[in-house]
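Notes for the one structure printed next.
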Amino acid sequence: MESQDILSLCRRRGFLWPAYDIYGGLAGFYDYGPLGASLKHNIETQWRKLYVFEEGMQELVCPLIAPEPVFKASGHLDAFADMYVECRGCGESNRADHLAEGLAENPAALSEEELGRVLEEHGVKCPVCGGDITAPRRFNLMFKTTVGAGSSKSGYMRPETAQGMFVNFSQIYRHGREKLPVGAVQLGRAFRNEISPRQGLVRLREFHQMEAEIFFHPERKTWPRYNAVKDRTLPLVPDGGVAAELSLSDAVSSKTIANEALAYFMWLTHRFALDVGLDPKRLRLRQHERNEMAHYALDCWDLEAETTYGWIELVGIADRGCYDVQAHLKHSGADLTAFERFDEPKEVVREAVTPKFDVMGKLFKGDTKALAGKLSEMMPDAVRGRDEVVVEVDEKKFASPSSCYDIVTSTEKVSGEKFVPHVIEPSYGVDRILYAVLEHAYHEEDDYVTLSLKSSVAPIKVGVFPLMAKDGLEVTAKELSESLSSDGIHAHYDESGSIGRRYARMDEVGTPCCVTVDYQTIEDGTVTVRNRDTKEQVRIGKDEVVPTVRGIVEGGNIEA
RNA sequence: GCGGCUGUAGUCUAGCGGUUAGGACUGAAGCUUCCCAAGCUUUAAGCCCGGGUUCGAAUCCCGGCAGCCGCACCA
């Protein structure tokens with residue numbers, strides 16, 4: 001099997017194809033056809049089932065376009081761009097900061113101008129051919145646009161759905177009844193202007209994500225259901241260690257995985273992968289190497305699947321610390337903190353220098369306000385026991401006698417403290433998952449292709465055929481198809497071509513079972529139900545078709 | 001972005017400067033009591049795009065676009 005076989009099947013059968021094909025196409029953009037759209041929808045439904053229904057996270061739908069300050073804060077505007085120099089001789093392009101390695105303290109942090117100066121001063125040449133290089137050019141991976149007419153604002157297509165959730169922390173926290181941990185999720189499109197999109201669905205410029213942002217108290221990174229699964233094992237490939245099946249609790253206690261919450265969402269991710277039909281033998285959770293990890297991440301693991309492209313990343317699960325929320329707090333000025341109530345309110349005794357305005361007013365007239373302000377900022381110990389205090393305002397010195405102020409002791413009740421939450425982020429690439437699902441389901445034997453899709457994600461749940469489109473068989477078959485459809489089961493009626501060809505068509509698009517009306521149906525009211533993977537058939541009564549098929553679809557197995 | 005290879009119906013492919021671009025599969029309509037891509041009839045559908053060379057270009061040359069592989073990139 002080659003990736004071309006999958007992509008060829010996808011095109012032939014209406015899963016997906018390169019977008020804008022009649023205009024020559026556009027690299028990094030794909031259309032989903034009827035079956036692909038349905039498969040994608042089913043994968044997303046399966047994900048919602050876990051994250052929204054089972055884990056109780058809040059789903060948000062945020063805009064695809066965001067104003068510039070959002071990405072200034074998130075760091076995408078500066079860090080999501082790389083600087084390149086090109087060789088005037090051989091045309092080779094190189095990362096400018098890589099060439100300046102060792103020539104400046106932190107080349108990656110320099111501006112284009114600064115970096116250009118460093119390269120010039122040291123006479124850096126092309127590492128390939130030794131030719132002269134151009135000045136550094138910045139290439140930002142975000143699509144830029146403008147919002148509104150005239151002197152419009154800059155906006156960017158979001159490069160991840162995550163920022164929409166970070167900026168909404170206060171809403172999420174409030175709707176979660178002000179408790180931590182609390183999770184939000186978002187499914188939707190994201191955009192990255194990749195330098196060179198490759199490998200079909202693996203690197204797109206417009207793609208689909210399913211992301212969860214789960215907010216924690218920094219010292220309590222666990223999850224309610226952790227205990228229920230802590231003895232389950234995961235295929236782990238730790239950074240610098242050896243691949244091993246480890247239980248969650250062993251991985252956490254040996255510090256292989258940073259905390260229980262991260263371990264839990266790694267487990268949930270692995271479970272999701274199995275739910276959508278990925279092959280457990282071709283899955284692993286690989287820890288990022290130190291230099292691979294974003295600077296703010298505390299720990300990061302990828303769920304990887306083995307495909308004809310090699311091991312590809314399907315999901316990234318990162319402990320991002322407080323980085324994102326902190327950044328938005330700082331840039332927006334909004335109070336993006338959580339509040340934790342102490343078990344017992346604490347009494348805090350505070351002393352403060354308190355100006356006496358009536359005395360001061362008589363002495364200092366118009367300077368009173370400024371003077372009093374200075375006084376109240378002073379530490380009580382700095383004035384205690386003195387007869388007078390010299391205070392400077394606008395380069396003028398004032399001697400304030402002790403009658404101008406008191407040292408007042410007050411008792412404050414503090415019932416808790418504010419803190420910036422930490423975030424654990426499982427980030428799923430829908431298109432890659434969909435591709436991996438297709439590859440893992442693909443089986444070919446003597447040129448006969450079967451997609452063994454899980455019935456939960458299969459675009460068509462059941463094929464319904466008359467053996468021949470006559471003698472009333474087609475009437476009965478259409479009735480059956482309609483009763484399945486009205487029960488919410490996606491049925492596909494087909495009467496064209498030979499029966500074998502119709503089975504083959506359904507096998508190739510992963511339909512788990514087929515119901516056929518034949519001549520025996522006229523005699524005894526029974527039909528056949530065929531299993532995609534075993535090709536075996538059983539006869540059941542017409543009336544049993546709907547419940548039987550529903551059982552196959554919901555049960556996940558396709559035993560007729 | 002760079003280099004190498006490639007581009008003919010939905011898919012796979014023949015073609016190598018000279019008729020109306022050929023085939024297979026698939027698709028559509030139909031015939032055949034037809035349960036695993038059967039057979040028969042009918043039918044639809046193609047030279048990636050744009051220049052150039054030539055009497056004549058799918059074929060040779062240039063540019064663009066797209067795909068594959070390698071380099072780089074993937075916060």
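Below, chain A is the first sequence line, B the second, and so on; all start at residue 1.
Residue S3(A) is out of contact with every strand shown, counting any heavy-atom pair closer than 4.0 Å. Residue contacts shown for S8(A) are limited to sugar-phosphate atoms, with no base heavy atom under 4.0 Å away. Nucleic acid contact for D21(A): none, since no nucleic acid atom lies under 4.0 Å from a heavy atom of the residue. When heavy atoms are screened at a 4.0 angstrom cut-off, V527(A) is found touching no nucleic acid atom at all. Heavy atoms of F465(A) sit nowhere under 4.0 angstrom from any nucleic acid atom. Among the atoms of the strands shown, only primed sugar atoms or phosphate atoms (P, OP1, OP2) are found under 4.0 Å from some heavy atom of R11(A). Here R502(A) lies out of heavy-atom contact (under 4.0 Å) with every strand.
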Check nucleotides 39-45 of chain B for protein N or O atoms closer than 3.5 Å to its own N or O atoms and list the pairs.
none

Show me the protein contacts with nucleotides 63-67 of chain B, counting only N or O atoms at under 3.5 Å.
{"from": "C65(B)", "atom 1": "O2'", "to": "G24(A)", "atom 2": "O", "distance (Å)": "2.8"}
{"from": "A66(B)", "atom 1": "OP1", "to": "A27(A)", "atom 2": "N", "distance (Å)": "3.0"}
{"from": "A66(B)", "atom 1": "O4'", "to": "G24(A)", "atom 2": "O", "distance (Å)": "3.4"}

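When each of U33(B), C74(B), A37(B) is scored by its nearest atom to the side-chain atoms of M468(A), the top-ranked nucleotide is U33(B). Nearest nucleotide to the side chain of Q537(A), out of C35(B), C71(B), C73(B): C35(B). Of the listed nucleotides (A29(B), U11(B), G27(B)), A29(B) has the atom at the smallest distance from the side chain of S496(A). Listed candidates were U11(B), U33(B), C74(B). Nearest to the side chain of K470(A) is U33(B). Of all nucleotides listed (C68(B), C35(B), C12(B)), C35(B) comes nearest to the side chain of L467(A).
In this structure, Y20(A) has its ring center at least 6.0 angstrom away from the ring center of F29(A). Ring to ring, F465(A) and Y503(A) are close: their centroids are under 6.0 angstrom apart.
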K72(A)/H331(A) under side chain to side chain donor-acceptor pair (under 3.5 Å): CA gap, chis, key distance, verdict: CA-CA 8 Å; K72(A) 188 73 197 165; H331(A) 282 79; over 6 Å; no

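Within the cation-pi definition used here (under 6.0 Å to the ring centroid, within 45° of the axis), R284(A) qualifies as a partner of W311(A).
The number of heavy-atom neighbours closer than 6.0 Å to NZ of K535(A), taken from other residues, nucleotides and ligands shown, is above 12. The neighbour count for D524(A) CG, taken as heavy atoms of other residues, nucleotides or ligands under 6.0 Å away, is above 12. Open room surrounds NE2 on H41(A); 12 or fewer heavy atoms of other groups in view lie less than 6.0 Å from it.
Of all nucleotides present, only G70(B) satisfies the Watson-Crick or G-U wobble test against C2(B), with each distance under 3.5 Å. Within the shown strands, nothing qualifies as a pairing partner of A38(B) under the Watson-Crick or G-U definition with both distances less than 3.5 Å.
U59(B) sits 40 Å from C74(B) when the P atoms are compared, rounded to a whole Å. Nucleotides U42(B) and U6(B) place their C1' atoms 37 Å apart, quoted to the nearest Å. If you take atom P in G63(B) and the same atom in A14(B), they sit 26 Å apart, rounded to whole Å.
In this pair, Y503(A) does not lay its aromatic ring on the base of C35(B); centres under 5.5 Å and planes under 30 degrees do not both hold.
Inspection of the Y448(A) and D507(A) side chains reveals an N or O donor paired with an N or O acceptor under 3.5 Å.
Note on S498(A): every side-chain N or O is 4.0 Å or more away from OP1 and OP2 of A37(B).
Between the side chain of R198(A) and the base of G70(B), at least one donor-acceptor pair of N or O atoms lies under 3.5 Å. Residue-to-nucleotide contacts include no donor-acceptor pair under 3.5 Å from the side chain of R532(A) to the base of C36(B).
Using a 4.0 Å cut-off between a side-chain N of Lys or Arg and a carboxylate O of Asp or Glu, E44(A) and K40(A) qualify as a salt bridge.
Rounding to whole angstrom units, CG of residue D471(A) and P of C31(B) are separated by 12 Å. Between the C1' atom of G1(B) and the CG atom of L141(A) lies a distance of 12 Å, rounded to the nearest Å.
Across all their heavy atoms, V545(A) and V527(A) have their closest contact at CG2-CG2, 3.6 Å.
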